[in-house]
Amino acid sequence: MTTSTYHGIYAVVSRIPRGKVATYGQVALLANLPGRARLVGYALSALTDPSVPCHRVINAKGEISRRNGGSEADEVQRHRLEVEGVFFDSHGRIPLELFRWRLYADE
DNA sequence: CCCATGACTGATT
DNA sequence: TAATCAGCCATGG
């Protein structure tokens, strides 16, 4: 791996505004890595820097992607988002049409 | 080098 | 609307 790839991913995630979310695919696209959403997920799992708001990255269905073996990190992520004003529907999913980060509208 | 395993996605059924 | 499938690619055994 050429850390520059991961660095670009972290740079994009760092630009997600408070109260907004982005999908793995969206982050991949903005990081100039179209179709490599999976790589974004891998980069986040390897991330240790707490200054990167990685809790604002969710999957394309609007759900929080689960970690291995019932980790409670998922619930922590959900709570962080709720604190920022992000709403979850009865299916545990975020209405992307309302909270999705739009580069030219939000920022 | 081969194979399995993921914080994934979009199209197809 | 939900389940499947085929791409995707870094890591570790």
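Chain letters run A, B, ... following the sequence lines, proteins first and then strands; every chain starts at 1. As the structure is a computational prediction, the values presented were derived from the model and not from experiment. No hydrogens, no waters, no symmetry mates; every other heavy atom, side chains included, goes into these values.
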Do A/Arg56 side-chain atoms and A/Ile16 backbone N/O form a donor-acceptor pair below 3.5 Å?
-> yes
Quick one: do A/Glu107 and A/Leu103 satisfy side chain to side chain contact (heavy atoms under 4.5 Å, CB included)? Show the steps, please.
-> CA-CA 6 Å; A/Glu107 195 71 57; A/Leu103 197 52; 3.1 Å; yes
A/His55 and A/Glu84: side-chain donor and acceptor closer than 3.5 Å?
-> yes
Assign a letter to each nucleotide of nucleotides 7-13 of chain B from its 5' end: B, base within under 4.0 Å of a protein heavy atom; S, sugar-phosphate only; -, no contact.
-> BBSS---
d(CD1, A/Ile9; C1', C/dA10) in whole Å = 11 Å
Among residues 89-107 of chain A, which residues get a heavy atom nearer than 4.0 Å to DNA chain B?
-> none
Counting distance only, does the side-chain N/O of A/Tyr10 pair as donor-acceptor with the main-chain N or O of A/Ala43 below 3.5 Å?
-> yes
Hey, are the side chains of A/Phe88 and A/Pro95 touching, using non-hydrogen atoms and a 4.5 Å cut-off?
-> no
Provide the distance between the two C1' atoms, one in C/dG13 and one in B/dC1, to the nearest whole Å.
-> 12 Å
Write down the distance separating the P atoms in B/dA7 and C/dG7, rounded off to the nearest Å.
-> 23 Å
Flag yes if more than 12 heavy atoms outside A/Glu75 fall under 6.0 Å of its CD atom; otherwise flag no.
-> no
Counting only heavy atoms not in A/Arg66, do more than 12 fall under 6.0 Å of its CZ?
-> no
Around atom CG of A/Asn32, are there more than 12 heavy atoms of other residues, nucleotides or ligands at under 6.0 Å?
-> no
